[in-house]
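Right, one structure below, let's go through it.
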Protein chains: 2
Amino acid sequence: MDHKKEILNHMLVVLFNQILSIEEKVLKQGPYKDLTMSELHVIEAIGIGDKHPMSYIAQKLDVTVGTLTIAINTLVRKGYVSRNRGTEDKRVVEIALTDKGHAAFEHHKTFHEEMIGYTMSILDEAESDVLIKTLTKITKYFDEKYAQTKFEKIGDEDEN
Amino acid sequence: MDHKKEILNHMLVVLFNQILSIEEKVLKQGPYKDLTMSELHVIEAIGIGDKHPMSYIAQKLDVTVGTLTIAINTLVRKGYVSRNRGTEDKRVVEIALTDKGHAAFEHHKTFHEEMIGYTMSILDEAESDVLIKTLTKITKYFDEKYAQTKFEKIGDEDEN
DNA sequence: TTAATTACTTTGAACTTCAAAGTATTCTGA
DNA sequence: TCAGAATACTTTGAAGTTCAAAGTAATTAA
């Protein structure tokens, strides 16, 4: 039982680093290598479809609006994002992807899909079902834990 | 089938961000809040036990030695890490955790264990088995893909 | 012993992020 | 109505993270 925990922990740590590494490596080899990972992350948050205000996207990314402003500056300069003042409320800035931004989004989405494809291909039907169910359960659980911000019990004091 | 991929992708993305968020939040609430996430990462790479040269740790972290030097500077200043010239080969710098570094390491390890503990506690036997099996498979698969650095073509392989 | 190599540090530049201060616009209450 | 509050965003200054390239000191090789 404790052994299982160790394995799970190890797997998560390793997988985490692997995915981050691969994602970056693939980005820097692909047709959108002028993007950084964090810029790509912003593009993902903007997404296909409707334009959205700065504050909405900043919240989605969990960064301040000031931080997002700077990111959007460079993405506009690089041609991935359009920025326009709202017509109704002129304080608002409406952000959307340009065609080039769209293309980058789709390209990255394809990478994700292929990565998931790999994953699914090594699982049988029953396994993938359980995996989805399990991840859903964990996500929901963390969501609740996370909502209370505290995630307490942990900061009591030194072990060792 | 394609729907399942979408769900799995979404779950993985969400879980990813959740774990990163929680980890950071917990760090900033705990007794080692003077550490940044990346400093904690360095501490993890140094680990308990023997001292190691800079180059070894840099490789483990996949950063340049110059980058590591800067990180170690602040960790030494903060008292988490000891840095000593090698006696045998004086070019070498031997890095190890101080007692305080040890304590921070263990504290973080405890957090990990508790997070895994939470996770296991909401899964039944079959679920945790499949989860471990799946993660192991995925990790191994990525390891091979990753080893060839290229991550090219995507999709001329079928394991299992 | 000079030249090359190795292990690390320093430097300069780019990027990421935040908090706080600043600007423009809209809303609200007396 | 209109002055002050609130909102949406941008700018600024500072701290971190990271790399490549240049620099230093020690070791190894020819």
Side-chain angles (χ1 to χ4, degrees), chain A residues 17 20-21 23-25 27-29 32-46 50-78 80-96, chain B residues 17 20-21 23-25 27-29 32-46 50-78 80-96:
Chain A
N17 291 327
L20 285 176
S21 279
E23 203 157 13
E24 181 143 25
K25 211 148 278 196
L27 175 63
K28 289 305 179 189
Q29 282 168 8
Y32 300 103
K33 37 173 150 288
D34 67 327
L35 291 172
T36 64
M37 279 303 293
S38 84
E39 285 164 359
L40 186 59
H41 210 204
V42 173
I43 286 175
E44 274 188 295
I46 298 171
D50 270 1
K51 48 192 165 46
H52 293 292
M54 292 289 290
S55 46
Y56 172 86
I57 297 164
Q59 193 189 340
K60 214 165 155 185
L61 285 166
D62 196 24
V63 298
T64 63
V65 184
T67 295
L68 183 61
T69 295
I70 291 166
I72 294 293
N73 287 347
T74 76
L75 284 172
V76 168
R77 179 167 47 71
K78 288 180 180 177
Y80 290 95
V81 166
S82 70
R83 163 157 56 185
N84 294 293
R85 282 282 162 189
T87 47
E88 197 153 315
D89 183 338
K90 286 184 219 149
R91 293 169 304 179
V92 172
V93 168
E94 303 284 9
I95 300 296
Chain B
N17 291 327
L20 285 176
S21 279
E23 202 157 14
E24 182 143 24
K25 210 149 278 199
L27 175 64
K28 289 304 180 190
Q29 283 167 8
Y32 300 103
K33 39 173 151 286
D34 67 327
L35 291 172
T36 64
M37 279 304 292
S38 86
E39 284 164 359
L40 186 60
H41 210 204
V42 173
I43 286 175
E44 275 187 295
I46 298 170
D50 269 1
K51 48 192 166 45
H52 293 292
M54 292 289 290
S55 46
Y56 172 85
I57 296 163
Q59 194 189 340
K60 215 165 155 185
L61 286 166
D62 196 25
V63 297
T64 64
V65 184
T67 296
L68 183 60
T69 294
I70 290 165
I72 294 292
N73 286 347
T74 75
L75 283 172
V76 168
R77 179 166 46 71
K78 288 180 180 177
Y80 290 95
V81 166
S82 70
R83 163 157 55 184
N84 295 293
R85 283 281 163 189
T87 47
E88 198 153 312
D89 184 338
K90 285 185 219 148
R91 292 170 305 178
V92 172
V93 167
E94 303 284 10
I95 299 297

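Note that the coordinates shown come from a computational prediction; the quantities given were computed from them, not determined experimentally. To find a chain, count down the sequence lines: A is the first, B the second, and so on, and within it residues start at 1.
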### Message
Check whether K28(A) reaches the backbone of D34(A) with its side chain - one donor and one acceptor, N or O, closer than 3.5 Å.
### Response
no

### Message
With a cut-off of less than 4.0 Å, is there a side-chain N or O of T36(B) near OP1 or OP2 of dG16(D)?
### Response
no

### Task
Identify, between G66(B) and T74(B), the residue whose nearest nucleotide on DNA chain D lies closer to the 5' end.
T74(B)

### Message
Any base atoms under 4.0 Å from I70(A), or only sugar-phosphate, or nothing? Heavy atoms, all strands.
### Response
base

### Query
Could you give the CD-to-P distance, from E88(B) to dA25(D), as a whole number of Å?
22 Å

### Query
Closest to the K90(A) side chain: dT25(C), dC8(C), dT10(D)?
dT25(C)

### Task
Give the rounded distance in Å between these two atoms: CG of D34(B) and P of dG16(D).
11 Å

#### Entry: Atom-pair distance (CD on Q59(B); P on dC8(C)), nearest Å
12 Å

### Task
For L40(A) and dT16(C), give me the distance from atom CG to atom C1', rounded to whole Å.
15 Å

### Query
dT18(D) P sits how many Å from M37(A) CE, rounded?
14 Å

### Message
Any base atoms under 4.0 Å from S55(B), or only sugar-phosphate, or nothing? Heavy atoms, all strands.
### Response
sugar-phosphate

### Task
Rounded off to whole Å, could you give me the CG-to-P distance for the N73(B) and dT18(D) pair?
14 Å

### Query
For dT10(D), does OP1 or OP2 lie under 4.0 Å from any side-chain N or O of R83(A)?
yes

### Query
Between dT17(D) and T67(B), is there an OP1 or OP2 to side-chain N/O distance shorter than 4.0 Å?
no

### Message
So E94(B), base contact, sugar-phosphate only, or nothing? Heavy-atom distance under 4.0 Å.
### Response
nothing

#### Entry: DNA chain D: 5'-proximal contact among K78(B) and L68(B) (nearest heavy atom)
K78(B)

### Query
Does the side chain of I46(A) come within less than 4.5 Å of H52(A)'s, by heavy atoms?
no

### Task
Tell me whether the OP1 or OP2 atom of dT11(D) has a side-chain N or O from T69(A) closer than 4.0 Å.
no

## Note on the structure
Considering only heavy side-chain atoms of T64(B), the closest of dA8(D), dC8(C), dA20(D) is dA20(D)

### Task
Mark yes or no for whether K51(B), through its side chain, and E94(B), through its backbone, hold a donor-acceptor pair below 3.5 Å.
no

#### Entry: d(CG, L61(B); P, dT18(D)) in whole Å
9 Å

### Query
Is there a side-chain contact between V92(B) and R85(B) (heavy atoms, below 4.5 Å)?
no

### Message
Measuring only between side-chain heavy atoms, which start at C-beta, is L27(B) closer than 4.5 Å to E39(B)?
### Response
no

### Task
From the options dA26(D), dT16(C), dT26(C), select the nucleotide whose nearest atom is closest to the side chain of E39(A).
dT16(C)

### Message
Checking contacts here: which listed nucleotide (dC18(C), dT27(D), dC9(D)) is nearest the side-chain heavy atoms of M54(A)?
### Response
dC9(D)

### Task
Assign V65(B) to base, sugar-phosphate, or nothing according to its heavy-atom contacts below 4.0 angstrom with the strands shown.
base

### Query
Taking side chain as C-beta onward, heavy atoms only, is T69(A) less than 4.5 Å from V93(A)?
no

### Query
How long is the line joining CG of L35(B) and P of dA15(D), in whole Å?
18 Å

### Message
Side chain of R91(B), heavy atoms from C-beta onward: which of dA8(D), dT5(C), dC8(C) has the nearest atom to it?
### Response
dT5(C)

